[in-house]
Amino acid sequence: MHMGAMTRRTALATAVAASLSLALSACSMDQMALPGTSSTSHDAMEAIYKSAPVAKPELILPGWTMETIKKRGKLVVASALDAPLVSQQNPANPQDVDGFDADLAKLLAIYILGKPEVEWVPSTAETREALLSNGTVDVVFGTYTITTKRAQQVSFAGPYFMSGLAVAVKSDNTTIKGAEDLASKNVIVQTGAPSVTRVPEKVPTAKLMPFATTPGSVQALVQGRGDAFVQDYVLLASQSSTNKDIKVVGAPFTEEPYGVGLKHGDAEFKTFVNTWLSTMQEQGIWSKVWKNTLGTVGDTPMPTPPAIGSVPGS
Amino acid sequence: MTMLILVTAGIGSIALGAIVTVARISPLQVLRSAAFLYVQFFVNVPLLALLILAVFALPAAGFILPLVPTIIIVLAVYEAAYVSEALRSGVNTVPQGQIEAARALGLTFGKSLRWVIVPQAFRSVIQPLGNIMIALVMNTSLAAVVGVIELTAHVNKINFDYAQPVLLYTTGGLIYMAIALTIGLLTGRLERKLVIAR
């Protein structure tokens with residue numbers, strides 16, 4: 001009797017474990033096949049790191065944030081870690097994070113420390129401000145849109161990239177041609193992405209369906225749970241380049257200036273990061289990083305880097 | 001939306017939980033085993049995994065329901081496993097002699113369940129059922145992950161705009177607490193009213 005119960009339980013546990021591990025391995029396979037993580041792009045980045053500039057010692061004075069980081073020997077960066085081509089963590093090696101934002105963060109680490117030594121802290125839209133204000137991380141580097149409301153809580157260096165939201169629909173959809181066709185439609189957005197607030201501003205009658213992750217949002221769109229998915233145009237280009245079931249329609253309908261989040265009121269560090277960003281643009285490193293990451297998908301022409309301090313809140 | 005999910009999933013889970021309990025104490029071995037497997041499955045698989053499976057995997061297999069009903073059904077079948085465990089312990093408080101007496105009076109298994117066992121079982125587990133409903137309040141927040149705008153998703157949205165996580169999530173937490181405390185008070189009252197004097 002006792003043995004019988006044990007065997008039944010074990011059999012059940014085995015079945016559940018088997019199905020779960022199947023599901024899990026399916027997930028990691030998806031991650032492996034993402035663009036921008038190939039070894040060639042890795043080699044190209046290594047070359048960029050070797051030639052990357054390092055700050056002169058007079059820029060790092062005692063008592064400043066930069067000196068604390070230098071003494072510690074690593075830069076602590078908060079980022080989403082699940083955004084292909086922007087900041088994507090390798091599931092097999094958590095220290096290996098690639099993408100436009102991640103590579104820029106490593107270049108900032110080189111600028112301060114002379115080596116790309118970064119400790120990655122996963123962040124979400126709910127935790128970014130707290131991570132900065134309590135000093136858990138030095139910078140937030142991950143599709144962090146500069147807004148005047150946020151600028152009351154944190155300081156922003158940059159902007160370092162001008163993005164915008166675009167609309168993706170299922171490939172066989174011919175009725176939605178852009179943001180203006182979203183009235184009273186079910187619109188999928190990603191929790192913590194700018195679309196959460198921008199879609200209601202642009203189309204007040206749209207019904208929002210927030211999903212937690214980009215793959216989840218794309219899946220929901222493909223399954224027809226929503227009529228459209230509104231997300232950063234670069235991320236959508238990346239998704240539609242690997243997934244033939246969806247397509248991007250219309251041009252980006254907002255401007256999202258991405259900035260580097262810093263502790264509120266740290267003026268020296270802000271000037272320092274802005275100087276570094278200008279150097280990246282002047283030496284053409286910004287363009288090289290873009291070409292290596294966001295520039296690998298779609299046929300988006302190379303954008304011009306935005307002027308530092310050009311948006312309200314920066 | 002949180003209240004809608006809570007009330008419908010709560011009623012569904014108690015009804016379904018009662019059926020599972022009856023199956024677990026039925027004279028038929030097949031029903032008993034099925035109910036045992038049901039409870040073991042839902043007690044041992046995380047709710048978030050179930051929600052994600054129901055929202056993304058079931059449509060791939062051809063079943064597609066709108067999001068809110070999907071979430072209500074998943075929460076109801078999940079909590080029903082816990083409800084049935086609580087009810088089963090309630091059934092065990094009904095003295096064996098009463099069941100024998102009911103059968104001796106000529107009541108069938110169904111009738112003795114309906115008139116003798118279930119009413120007493122429910123009365124003795126009001127407080128544990130209340131605790132399961134409180135757990136359900138907290139679990140409704142997981143719906144925010146899969147596209148339903150309930151309380152937590154609202155807080156996420158406001159926070160995205162105002163960047164005030166500590167203030168906003170504390171407020172959200174207080175609202176959940178108020179709902180949970182109300183359920184606790186109600187079940188406490190209900191229990192005092194219905195308690196069986198033995």
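First the proteins, then the strands, lettered A, B, ... as listed; each starts at 1.
- With a 6.0 Å radius and a threshold of 12 heavy atoms from other residues, nucleotides or ligands, B:Gln164 has its CD atom above the threshold.
- The number of heavy atoms from other shown groups lying within 6.0 Å of OH (B:Tyr162) does not exceed 12.
- For B:Met138, the CE atom is densely surrounded, since the number of other residues' heavy atoms within 6.0 Å is greater than 12.
- When heavy atoms are compared at a cutoff of 4.5 Å, A:Pro194 approaches chain B by way of both its backbone and its side chain.
- In this structure, the side chain of A:Arg225 engages the main chain of B:Val55 through a donor-acceptor pair within 3.5 Å.
- Counting heavy-atom pairs closer than 4.5 Å to chain B, the top-ranked of the candidates A:Gln223, A:Gln152, A:Lys207, A:Met209 is A:Gln223.
- Annotation for B:Arg189: atom CZ does not count as buried by contact number, only 12 or fewer foreign heavy atoms lying within 6.0 Å.
- Highest contact tally toward chain B, considering only A:Thr213, A:Asn186, A:Thr197, is held by A:Thr197 [criterion: heavy-atom pairs under 4.5 Å].
- For A:Gln153, the part lying under 4.5 angstrom from a heavy atom of chain B is the side chain only.
- Although no hydrogens or angles enter the test, the distance criterion places no donor-acceptor pair under 3.5 Å between the side chain of A:Glu126 and the main chain of B:Pro165.
- Atom NZ of B:Lys111 sits in a sparse spot, with 12 or fewer heavy atoms from other residues, nucleotides or ligands closer than 6.0 Å.
- With a 4.5 angstrom heavy-atom cutoff, A:Ile188 does not touch chain B via any of its atoms.
- Nearest heavy-atom pair, A:Thr191 versus B:Ala144, reported as atom, atom and distance to 0.1 Å: OG1-O, 4.5 Å.
- Residues B:Phe160 and A:Arg128 approach most closely at CE1-NH2, 3.6 Å, considering heavy atoms.
- Using a 4.5 Å cut-off between heavy atoms, B:Leu58 does not touch chain A at all.
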Next on the checklist: Determine whether B:Val146 and A:Phe211 satisfy the following criterion, side-chain contact (heavy atoms from CB on, under 4.5 Å), listing intermediate values before the conclusion.
Outcome noted: CA-CA 5 Å; B:Val146 285; A:Phe211 280 81; 4.2 Å; yes
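- Each of A:Gly226, A:Ala193, A:Ala220, A:Pro200 has some count of heavy-atom pairs under 4.5 Å with chain B, and the biggest count is that of A:Ala193.
- Among B:Val148, B:Leu67, B:Leu168, B:Asn159, the residue with the largest count of heavy-atom pairs under 4.5 Å with chain A is B:Leu67.
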